[in-house]
Novice: 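Below is the structure I would like to discuss, written out as structure tokens.
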Amino acid sequence: MSTQTTRILVFSHRPEVRETIITAVGRRPAPDLGRVEYVEAGTVADVLYEMDEGRVDLAILDGEAQPTGGMGLSRQLKNEITDCPPVVVAVRRKDDRWLATWSQADAVLVHPLDPLAAAETVAEVLRSMALPVVRG
């Protein structure tokens, strides 16, 4: 997977939140993973379009986005897309983690984002979706 570029969709209605997420996760979340290419989405329509195209490897959704938050959107994607890519939801409060569980998110980031924790969380999710190596 190290030579492959991973496409991560970052959704928030606020460009500064998208930029914070992208900066925290970085262009290469872990040495054993390939580089990351980001696709920014400012509306739910943008997210649905990108997800329907099937070119997204992972989505990071802003739980505070307006008018539709990332938690509700995560639940919708998980229920409507067959083989939905992993979804990470960014929340403002640690107490909101239970909502992310309801949303069927694969992982949660909590603002303010710690770059080390954000990169490691995304790396763990990407590793968990990697196909096993077949030998023999």
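All values reported here derive from a predicted model rather than from experimental measurement.
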Novice: Quick one, V88 and V125 - any side-chain contact, counting heavy atoms below 4.5 Å?
Specialist: yes
Novice: Does any N or O in the side chain of R28 come within less than 3.5 Å of the main-chain N or O of L33, such that one atom is a donor and the other an acceptor?
Specialist: yes
Novice: If you take all heavy atoms of R18 and E40, which pair is closest and at what distance?
Specialist: NE-OE1, 2.8 Å
Novice: If you compare all heavy atoms of L109 against all heavy atoms of A118, which two are closest, and at what distance to 0.1 Å?
Specialist: CD2-CA, 3.7 Å
Novice: How many angstroms lie between atom CZ of R27 and atom CD of E37, to the nearest 0.5 angstrom?
Specialist: 8.5 Å
Novice: Indicate the atoms forming the closest heavy-atom contact of V10 with Y38, along with that distance.
Specialist: CG2-CD2, 3.6 Å
Novice: Report yes or no: do Y49 and F11 belong to one cluster of Ile/Leu/Val/Met/Phe/Trp/Tyr joined by side chain heavy-atom distances under 4.5 Å?
Specialist: no
Novice: Which pairs of donor and acceptor atoms, one on a side chain in residues 71-86, lie under 3.5 Å apart (sequence neighbours left out)?
Specialist:
from	atom 1	to	atom 2	distance (Å)
S74	OG	S103	O	3.0
R75	NH1	W102	O	2.8
Q76	NE2	E80	OE1	3.4
K78	NZ	D106	OD2	2.7
N79	ND2	R75	O	2.9

Novice: What are the two closest heavy atoms between M51 and L9, and how far apart are they?
Specialist: SD-CD2, 4.2 Å
Novice: Quick one: closest heavy-atom pair of G42 and D46, and the distance?
Specialist: N-OD2, 3.4 Å
Novice: Show your reasoning for whether side chain to side chain contact (heavy atoms under 4.5 Å, CB included) applies to T20 and L113.
Specialist: CA-CA 8 Å; T20 298; L113 298 179; 4.2 Å; yes
Novice: How about V108 and V91: do any of their side-chain heavy atoms sit closer than 4.5 Å?
Specialist: yes
Novice: Which donor-acceptor pairs under 3.5 Å do the side chains of residues 57-65 make with protein atoms, sequence neighbours left out?
Specialist:
from	atom 1	to	atom 2	distance (Å)
D57	OD2	R7	N	2.7
D62	OD1	E64	N	2.9
D62	OD2	S12	OG	2.7

Novice: Taking only residues two or more places apart in sequence or in another chain, which ones pass side chain to side chain donor-acceptor pair (under 3.5 Å) with R14?
Specialist: E16
